[in-house]
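Because the structure is a prediction, the values reported are computed rather than measured. Naming convention: chains lettered A, B, ... in sequence-line order (proteins, then strands); numbering from 1 in each chain.
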Amino acid sequence: MKVIELKNVSKIYNPKGIAVQAVNNVSIEFSQGEFTAIVGASGSGKTTLLNIIGGIDTPSSGEVYVNNKQINQLSERKLTEFRRDNIGFIFQQYNLLPVLTATENVEFIMELQGKPKTEREARAKELLIAIGLGEKLNERPSKLSGGQQQRVAVARALAHKPKFVIADEPTANLDSKSTEDLLQMMQELNQKEGVTFIFSTHDQRVVDKAKRVIVFEDGKVKEDYTKNDNEKHKI
Amino acid sequence: MTNKLAWKNIWRNKTRSFVFISAAFLGFAIALFTLNTMKSISQQRLDDAINIQTSYIQIHKKGFIEDKEITFTIPDADNVISKVKSINGVESISKHISSNAVMASPENNIVCEIKGVVPEQENKISVLKDFIIEGEQLNDLQKTPILVSKKTADKLKLKLKSKVVVTLKSANGEITGGTFRVVGIFATPSTPFDEGTAIARYNDLELLSGIKLPHELAIKIADPSKLKEVQSKIQSVLNNEYEVNDWMYLLPELFAFDSFINMIGVLFTVIIILGLGFSLMNTMNMIVQERTKELGMLRAIGQKKWSVFSMLLKEAGLMMSIGASGGILLGVLFVYMSSKHGISISEGLGFLGIRPTIYPKLNPELLGMISIMAIALTLLISAIPARRALKIKPQEALRD
Ligand SMILES: Nc1ncnc2c1ncn2[C@@H]1O[C@H](COP(=O)(O)OP(=O)(O)OP(=O)(O)O)[C@@H](O)[C@H]1O
Ligand SMILES: [Mg+2]
């Protein structure tokens, strides 16, 4: 089932009069349950693309559909609601709220949605236990390792059961062991719960775990392929 | 959660929050205490002047205030009194004879105003009796009694029972004089009043001067806040042969000084507001600056603009409430303590009618004003940095 569809999407940045074509006439689709890596050189447009898919940024031209609903025309307020209800975000720098505990961080979006306390708490605990942080429920981020913080971020991104999760270089700040653990956890969530993940990365080990790989170059899709389960592919 | 978040965010930078909270605490404590004390001083002066000197409203024959001419008496005074008495809001009336006079003892002499009063009437509108420090107040049994101030007594070297000669202009334009005996010595907070006033019995002055009618009717009203209303009611039952004036007209310097004190109060408040406002603005600016990334993240994951805005306002509001409520509490405590023990001001301010020791009363209006100020200040000042936070674009804030 098609979740996201981009039609002829371009993004041109124009700081100080010098136009930069960050995304150049891209048309792609993403389906339910995908586990997709977007790779490409620095400056190739990965972040820009993810931001457009996630409704954080708007394209200069082209159309973006999520669940067949066009989102690039929404008002800012509607777009904010749309992000809150449909998308989970994982950031390179974790970006947890430092003053809240792990559980409270995970609850946060559900709170924005107005879900009742008991439901929020139950869901946050369930997720944190599932990702192996049952011991750290009431710890603040500063008491957690980078890998643990990023797991909390994954739990936060999943808490409100979004249509898909977007992660811009989620492992860039992690050591290899943490990267391994995080990917394994994401894979499990993808397989068991059918969560759709779209992430960008520079890390070959991450690419190896992806089911579909989109290679970006100069704002364009250079390659887009889906692997067989046991195939390994080098970029 | 945004409430909780706002609360927890305050303690992220403890030193900075502590600095602002302490500033608000001290600012409000000092502001409340100082303004309240100033207001109390000013109010006490007015109360004293009204209760001792003028009462709230006075009726004269037109022209008397400018001239003090002995023949400018109130026509048909008994009728005027009974008319005015029946007006709603008028509590009591006291008739006066008022004349410039020379008061002489074997040692010295002074020029002053001598006032003739009916003791029983006068005691209902004046509290001068409470300021008698030696002797007693006037009554009907004494023989040609007079009350003089401590200042006058010292100057003329008078003691209780001393004789003093009062000379004034009589109704038929001649000089007349009589001997009075000191029965009481008073000292009020107002030096000018003390230096310039002596009080005798109405009947005695009537006899001495030969005039048949009073110069002045002093009126006490039941509710001071209805002053203007009662004044115009009185004016409306009298024709324009009579002049009806309130204390603000009769005590212009006092009124001007009260306005001056109020102005200083406003100035003082503005300085404190500026100081606190600057501090709050600075604090909130730093907060928005430091948390740009975090605020961008919150917008990205779906927190609405208004929610981010109000979260920042709540943070500012919480800091302000902690500081201001603590400060107001301390201020109230100060006021309470000083109302018990008194604050000694200078002895030397009697020329302004200021008492040497003052017992401030808590002014609820002032308390209300200060609380509203705290709220308004928070909302106005923190809205500016909070608005800046709304301009943060998540896609830019999240890039490194
Ligand atoms: N806000 C912006 N203003 C101007 N130019 C921008 C802006 N954001 C991105 N760009 C430019 O757009 C192009 C694509 O940037 P983007 O961040 O999407 O690349 P990326 O593939 O994510 O790179 P990296 O791997 O380094 O994260 C780059 O040339 C970049 O300089
Ligand atoms: Mg990037």
Inset, instruction - Show your working on side-chain contact (heavy atoms from CB on, under 4.5 Å) between A/R140 and B/K8 and close with a plain yes or no. - result: CA-CA 12 Å; A/R140 288 189 177 194; B/K8 290 189 166 180; 4.1 Å; yes
Inset, instruction - Count the heavy atoms belonging to other residues, nucleotides or ligands that lie under 6.0 Å from NZ of A/K125, then report whether that count exceeds 12. - result: no
Legend entry - B/K4 with A/E107: basic N within carboxylate O range, under 4.0 Å: no
Inset, instruction - Find out whether B/E294 and A/N95 are in side-chain contact, i.e. whether some heavy atom of one side chain is under 4.5 Å from a heavy atom of the other. - result: no
Inset, instruction - Decide, yes or no, whether a salt bridge links B/R299 with A/E76 under the criterion of side-chain N to carboxylate O below 4.0 Å. - result: yes
Legend entry - Selection from A/N51, A/I87, A/I56, A/D85 maximising heavy-atom pairs under 4.5 Å formed with chain B: A/I56
Legend entry - Enclosure of A/E135 CD (heavy-atom neighbours >12, cutoff 6.0 Å): no
Inset, instruction - Check each atom of A/Y13 against the heavy atoms of chain B and say whether the ones under 4.5 Å are side chain, backbone, both or neither. - result: side chain
Legend entry - Over 12 non-hydrogen atoms of neighbours within 6.0 angstrom of CG in A/N67: yes
Inset, instruction - Find out whether B/Q303 and A/T80 are in side-chain contact, i.e. whether some heavy atom of one side chain is under 4.5 Å from a heavy atom of the other. - result: no
Inset, instruction - Among the options A/G55, A/G54, A/P98, pick out the one with the most heavy-atom pairs lying under 4.5 Å from chain B. - result: A/P98
Inset, instruction - Could you check if a side-chain atom of A/F89 sits within less than 4.5 angstrom of a side-chain atom of B/L398, using non-hydrogen atoms only? - result: no
Inset, instruction - Kindly check if the number of other-residue, nucleotide or ligand heavy atoms within 6.0 Å of CZ (B/F20) is above 12? - result: yes
Legend entry - Atom CZ of B/F268: over 12 foreign heavy atoms under 6.0 Å: yes
Inset, instruction - State whether the number of non-hydrogen atoms from other residues, nucleotides or ligands found under 6.0 Å of B/R12 atom CZ is greater than 12. - result: yes
Inset, instruction - Check whether any side-chain N or O of A/R83 sits under 3.5 Å from a backbone N or O of B/G302 as a donor-acceptor pair, and report yes or no. - result: no
Inset, instruction - May I ask you to check whether over 12 heavy atoms, not counting those of A/K115, lie within 6.0 Å of atom NZ? - result: yes
Legend entry - Heavy-atom side-chain contact between A/R84 and B/I301 under 4.5 Å: no
Legend entry - Proximity breakdown for B/Q395 and chain A, heavy-atom pairs closer than 4.5 Å: both
Inset, instruction - Using non-hydrogen atoms and a 4.5 Å limit, figure out which bit of B/K304 sits close to chain A: side chain, backbone, both or neither. - result: both
Legend entry - B/K393 atom NZ, neighbour heavy-atom count above 12 within 6.0 Å: no
Legend entry - Contact check, side chains of A/V99 and B/W11, non-hydrogen atoms, under 4.5 Å: no
